[in-house]
Amino acid sequence: MCGDILKYADLCCECSQGAIQDEDPYGIKLLHILTDIHCQKGQSVRSCCREDSHRCPMCQFPLDQFKEKGQVGCPECYTHLCQDELQSALQLSQRALDHQGKVPLTFQIPPEATMKNCHKIKSKSSDNDLSYSV
Amino acid sequence: MKLDDFLSTVADSCKKQGPEQTIVLSSRVRIARNVKGYSFPGWAKKQERIRLFENVRPVIESLDEMKSSFSDSMDNLSSLEKQILVERHLISREHAARNSGSGLVLNKDESLCVMINEEDHLRMQLIQPGLQLDAAWKQLDEIDTRLEESLPYAFSRTLGYLTACPTNVGTAIRVSAMLHLPGLVLADQINQVVQAVSKLGMAVRGLYGEGTDALGNIFQVSNQMTLGESEKDIIDRLNKVLKQMIEHEENARASMVEKKPKIVLNQVGRAYGILSNAHSITSKETMNLLSMMRLGNDFGLFSKMRRSLVEELFISTQPAHLQKNVQDKLSAEQRDLIRADFLRGKLRSVSRPSDKFAEVSSADGDDSDPNI
Ligand SMILES: [Zn+2]
Ligand SMILES: [Zn+2]
Ligand SMILES: [Zn+2]
């Protein structure tokens, strides 16, 4: 459980914490692709434990109204939403929970570059090839 | 430029032909894109919407495809002009309801239309006649790739393209085809087919989208899910479904001609009789009868009638298209009179349908395009 540090839903606990400390959300987004690698061992990254209602820091959208409105206020809202709610909304309407298909050029980062950014991969990469099969 | 001066005539825009045109009227690919750092249109304040519109509009206009395009803010368009765009399937009904801070850019041949600040910052659609989803996606994909150089898209690696509504995240793509399925309707098989298609994750709607009836036996089939499957896989899957629907429709038509030719002749003959002789007719009745004329034409029952005439009449008998040629605001009853006058005029040159089928009884149903 990540408690209230779970700002970056796509990331594991440690990286989320790192992301907040770095205050470099877009740089950290490089890591999203690696999420599942980190969190295979039973830790649920996606379970969010936030109880208090709050607003998106970017657009002030009241995030607890997501369910009733069925929409969010801005792209950034997706990172601040209760991830359980988001996930169940996606499960109802979508085929799977991970994007397949077109990726804008600026997000097409060579694998080496992504790996440099993630401490866990760096330390594990040599003895765990399974990590790359995501 | 005024919209009416820009738009091609309905007759011209209906002349475009594509593969499988007998059953597939058109193919459409639409993608949603949003710009990072801006609220979605439904939540943004008016000033923010205007700012986004002013930033994005010149980028769209600068596309090669948009040379000599029509581009305007929704508040500069009259409600009649907006309705004409809806009737031509160029904008959504939702977009027609919008005003300042929203707009559209439409290319010369009306195949590419970009709605700015609809539910998402950008909704771009590419329409092609007949069944050509792959070609439509290829073109739109290229345009989108050029746009992403100038517009910082809101994108997440896990959720893909971020949209106002989570039902569109991921590829944010809606791929659809408009099908004319009178055979399945007459054979009473349409509900079965619609149910089967829905089970495959496709939505089936009427001519004017969500919540509309399948007037004129025209059905829109589109993908429902956008996350977890690539654009190509979505299109391949829809293509497979469409191929099957086309086959079912062809079989239904063939077996009707074989087993119940009189029913078909009766329907087509009555449709022609009413459309070319009525003095008052509703839009709904017109659409349903035109569908029978189109079917009759596919069966070769009308000599020398071009199929595009029926398509043309489908659109030009819609309320806004009738209204635009008349000064005073028409009531529904007045429209029914004008519609009937218009149809009688247009069908004067079409001779009555043949009262029997040409040598089709030997056909196996695998070659069901007797007159193209
Ligand atoms: Zn990590
Ligand atoms: Zn939660
Ligand atoms: Zn927000």
Side-chain angles (χ1 to χ4, degrees), chain A residues 8-11 25-26 28-36 39 45-46 55-56 58-63 65-67 69-79 81 83 85-109 114 117 134, chain B residues 31-45 48 52 119-121 137 140-142 144-149 151-173 200-201 203 223-235 237:
Chain A
Y8 295 91
D10 296 343
L11 306 187
Y26 294 113
I28 288 295
K29 277 194 175 165
L30 306 181
L31 290 168
H32 291 194
I33 200 166
L34 302 168
T35 309
D36 291 347
C39 305
V45 209
R46 292 181 195 273
R55 288 173 179 266
C56 167
M58 177 82 187
C59 74
Q60 305 306 313
F61 180 81
L63 295 162
Q65 282 178 31
F66 162 64
K67 248 182 171 165
K69 289 187 195 282
Q71 294 196 351
V72 291
C74 81
E76 195 69 17
C77 287
Y78 281 102
T79 1
L81 269 183
Q83 296 301 306
E85 270 180 32
L86 175 60
Q87 199 174 1
S88 49
L90 292 173
Q91 266 161 352
L92 277 178
S93 61
Q94 298 287 8
R95 176 159 288 257
L97 297 178
D98 288 299
H99 176 57
Q100 305 285 320
K102 188 167 181 176
V103 172
L105 206 63
T106 45
F107 287 81
Q108 292 171 19
I109 288 105
T114 1
N117 283 297
V134 177
Chain B
I31 52 176
R33 295 290 184 258
N34 289 281
V35 182
K36 210 162 70 183
Y38 288 86
S39 297
F40 296 126
W43 179 248
K45 300 250 164 31
E48 190 182 356
L52 178 111
E119 184 182 292
D120 293 296
H121 295 148
W137 164 239
L140 193 56
D141 182 22
E142 282 171 17
D144 175 53
T145 302
R146 268 178 280 139
L147 285 177
E148 78 181 33
E149 291 169 14
L151 299 172
Y153 284 157
F155 182 85
S156 133
R157 277 179 195 286
T158 41
L159 292 177
Y161 292 94
L162 299 172
T163 53
C165 184
T167 52
N168 295 320
V169 296
T171 54
I173 197 172
L200 296 169
N223 66 302
Q224 267 181 313
M225 289 169 280
T226 51
L227 181 64
E229 207 179 5
S230 72
E231 292 84 354
K232 186 185 177 300
D233 290 344
I234 290 171
I235 292 169
R237 221 153 50 81

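Order of the sequence lines fixes the chain letters, A, B, ..., with proteins taken first and strands second; residue numbering starts at 1 for each chain.
In this structure, B/S156 and A/Y78 have side chains that are not in contact, with every pair of non-hydrogen atoms separated by 4.5 Å or more. Using a 4.5 Å cut-off on side-chain heavy atoms (C-beta onward), A/L86 and B/L159 make contact. No side-chain heavy atom of B/D233 sits less than 4.5 Å from a side-chain heavy atom of A/Q100. A/K102 places a side-chain heavy atom less than 4.5 Å from the side chain of B/D144. Between A/H99 and B/L227 there is a side-chain heavy-atom pair separated by less than 4.5 Å. Between B/E148 and A/T106, the closest side-chain pair of non-hydrogen atoms is not below 4.5 Å.
Heavy-atom pairs under 4.5 Å with chain A were tallied for B/T145, B/T163, B/N34; the largest tally goes to B/T163. Residue with the most contacts toward chain A among B/S230, B/A44, B/G201, B/A172: B/S230 (heavy-atom pairs, distance under 4.5 Å).
Contacts of A/L90 with chain B are made by side-chain atoms alone, with heavy-atom separations under 4.5 Å and no backbone atom involved. Looking at B/E149, neither its backbone nor its side chain comes within 4.5 Å of chain A, counting heavy atoms on both sides.
Pairing each heavy atom of A/F107 with each of B/Y153, the nearest pair is CE1-O, 4.4 Å. A pairwise comparison of heavy atoms in A/V72 and B/F40 identifies O-CD1, 3.3 Å as the closest pair. Between B/M225 and A/R95, the closest heavy-atom pair is SD-N, 3.3 Å.
The one candidate from A/C74, A/C77, A/P75 that meets the side-chain contact (heavy atoms from CB on, under 4.5 Å) condition with B/S39 is A/C74.
Side chain of A/Q94 to main chain of B/P166: a donor-acceptor pair is present (N/O by atom type, distance under 3.5 Å, no hydrogens or angles).
B/T158 contributes atom OG1, which lies 9.5 Å from atom CG of A/L97 (distance to the nearest 0.5 angstrom).
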